[in-house]
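Here the structure comes first, spelled out in structure tokens, and everything after it is commentary.
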There are 2 protein chains.
Amino acid sequence: MKLSTRARYGLRALLDLALHQGEGLVQLKWIALRQQISLPYLEHLIRPLVAGGLVKSVRGARGGVTLYKPASEIRLREVIRLLEGPTGLVECVDNPATCERSAVCVVRDVWSAMEEAMVGVLDSMTLQDLVQREETKRQAAMETYCI
Amino acid sequence: MKLSTRARYGLRALLDLALHQGEGLVQLKWIALRQQISLPYLEHLIRPLVAGGLVKSVRGARGGVTLYKPASEIRLREVIRLLEGPTGLVECVDNPATCERSAVCVVRDVWSAMEEAMVGVLDSMTLQDLVQREETKRQAAMETYCI
DNA sequence: ACTAAGTCGATTATCTAAGTCGACAATTCA
DNA sequence: TGAATTGTCGACTTAGATAATCGACTTAGT
């Protein structure tokens, strides 16, 4: 039960993008550099986010990417769903047909409850929340640094 | 972010065992048969549960396995931990040293919250809860069948 | 035109989970 | 005692997914 690096890197990349919103288009290479992700790999991570309507990309010279909608309207649930694909924790939860026990399986209920709990957490957070936290943390770090 | 078959099969096997508690020692081959898990594989699944003190095993002819303590004292969290190993959703949550960003990483906070939510669900359920649900469901199915 | 970006698909590499097998140890029972 | 039965253990193989790279392509600016 491990989170894929797609999700980990992908969310970090998106947060990085959100943190640099004021500056217009952001080039992938800078995100890659800051987040220490190889550029070709980052391209793959961004793709589903573009396809999912979370990120807008502009090709050509001086192109780059930017958020398609305000960070406050981007729920982490959506982000993770796009990055990890539609399959949940266990196949039979989303797709009962894959296991003939589904209807009576109590173990399935457990996985279902677990998934609901996770989704609940992701659903309650937006990208904006992360941006705020990041800035709070950065400020706190700054202050201790100055003292 | 998939649950391993170890966890899925393992919990099913344990539940099967719990459901047959009244009958003394239960042989692995019957569990394997009922749950449609290959015997050699089931042996591997049971092992950590024995090592973890959830299951007692008796070797030799007429041997078998049985719960080491009442089902009501077996938390699912413990079961999953034994089956899946100690590593959580993301390395850096349990083991901050693996990522130098850990201290300031807000993305890590997200994973941490997710993990907490999942663990909370597992912590709130015992094997006995599953046994009861199973019996309730079975009874319900029985009634509809009779009608 | 030329350069600088993102896009896309093919490919490779790496890793881990999944599952099998054979030898062994313990226990029962004849 | 010895043969049958049952769990134990570790080595091995396989399969599949994830991670990551690469090169050819498209699009836009200068």
Side-chain angles (χ1 to χ4, degrees), chain A residues 1-14 17 23-33 35-52 54-68 80 83-91, chain B residues 1-14 17 23-33 35-68 80 82-91:
Chain A
M1 193 179 33
K2 277 254 174 64
L3 207 64
S4 67
T5 68
R6 299 182 63 85
R8 292 189 288 123
Y9 288 179
L11 182 54
R12 255 176 44 203
L14 193 63
L17 178 54
E23 311 161 16
L25 290 177
V26 179
Q27 289 174 19
L28 289 186
K29 66 176 169 185
W30 298 123
I31 299 180
L33 199 66
Q35 297 297 323
Q36 300 176 52
I37 305 170
S38 84
L39 180 57
Y41 194 41
L42 178 60
E43 289 168 355
H44 280 300
L45 298 179
I46 287 286
R47 222 192 290 186
L49 300 179
V50 172
L54 264 45
V55 170
K56 188 173 68 174
S57 74
V58 177
R59 279 148 75 128
R62 311 206 51 179
V65 295
T66 186
L67 294 184
Y68 203 81
I80 300 302
L83 288 169
E84 289 253 326
T87 65
L89 205 58
V90 166
E91 191 65 24
Chain B
M1 193 181 29
K2 278 254 174 67
L3 208 64
S4 66
T5 67
R6 299 182 64 85
R8 293 189 287 125
Y9 289 0
L11 182 54
R12 256 175 46 202
L14 194 64
L17 178 54
E23 311 161 16
L25 290 178
V26 179
Q27 288 173 18
L28 288 186
K29 65 176 168 186
W30 299 123
I31 299 180
L33 199 66
Q35 297 298 322
Q36 299 174 51
I37 305 169
S38 85
L39 181 57
Y41 194 40
L42 178 59
E43 290 167 353
H44 278 302
L45 299 179
I46 287 288
R47 220 190 292 184
L49 300 179
V50 172
L54 264 45
V55 170
K56 187 173 71 176
S57 74
V58 177
R59 280 149 72 130
R62 312 207 50 181
V65 294
T66 186
L67 294 183
Y68 204 82
I80 300 302
L82 289 171
L83 288 168
E84 289 253 325
T87 64
L89 205 58
V90 166
E91 191 64 25

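In what follows, every chain begins at residue 1, and chains take the letters A, B, ... in the order their sequences are listed.
A:Ile46 comes within 4.0 angstrom of nothing in the nucleic acid, heavy atoms only. Residue B:Arg6 is classed as a sugar-phosphate contact, given heavy-atom separations below 4.0 Å to backbone atoms only. If you check every strand for non-hydrogen atoms under 4.0 Å, B:Lys2 touches nothing.
A donor-acceptor contact shorter than 3.5 Å links the side chain of B:Glu84 to the backbone of B:Ser4. With hydrogens and angles disregarded, a donor-acceptor distance shorter than 3.5 Å links the side chain of B:Arg12 to the backbone of B:Gln35. Checking side-chain atoms of B:Ser38 against main-chain N and O of B:Tyr41 turns up a donor-acceptor pair under 3.5 Å.
One interatomic measurement links the two molecules: CG of A:Leu83 to P of D:dA19, which rounds to 11 Å at whole-angstrom precision. Between the CD1 atom of A:Ile37 and the P atom of D:dT21 there is a distance of 11 Å, rounded to whole Å. In this entry the distance linking CE of B:Met1 with C1' of D:dT18 reads 15 Å, nearest Å. Rounded to an integer number of Å, the gap from B:Leu49 CG to D:dG7 C1' is 14 Å. Note: CD1 (B:Ile31) to C1' (D:dG7) measures 12 Å, nearest angstrom. For the pair A:Leu45 CG and D:dA19 P, the computed distance is 9 Å after rounding to whole Å. At whole-Å resolution of the value, CG in A:Leu28 and C1' in C:dC8 are 14 Å apart. At whole-Å resolution of the value, CG in B:Leu25 and P in D:dT6 are 11 Å apart.
Residue A:Thr5 places none of its side-chain N or O atoms closer than 4.0 Å to OP1 or OP2 of D:dT18. Residue A:Ser4 places no side-chain N or O under 4.0 Å from the OP1 or OP2 atom of D:dT18. Contact check, A:Ser57 against C:dA5: no side-chain N or O comes under 4.0 Å of OP1 or OP2.
Considering CG of B:Leu33 and CD of B:Gln27, their distance stands at 11.5 Å, rounded to 0.5 Å. Note that CG of B:Leu11 is 13.5 Å distant from CZ of B:Arg6, once rounded to the nearest 0.5 Å.
Taking every side-chain heavy atom of A:Tyr41 into account, D:dT21 is the closest of C:dG6, D:dT21, C:dG19. The A:Pro40 side chain lies nearest to D:dC22 when the options are D:dT8, D:dC22, C:dT7.
The base of C:dT7 lies outside donor-acceptor range of the side chain of A:His44, with no N or O pair under 3.5 Å.
Along DNA chain D, the nucleotide nearest to A:Glu43 and the one nearest to A:Ala61 differ in position, and the one closer to the 5' end is contacted by A:Glu43. With DNA chain D read from its 5' end, the first of the two nearest nucleotides for A:Arg59 and A:Arg62 is the one closest to A:Arg59.
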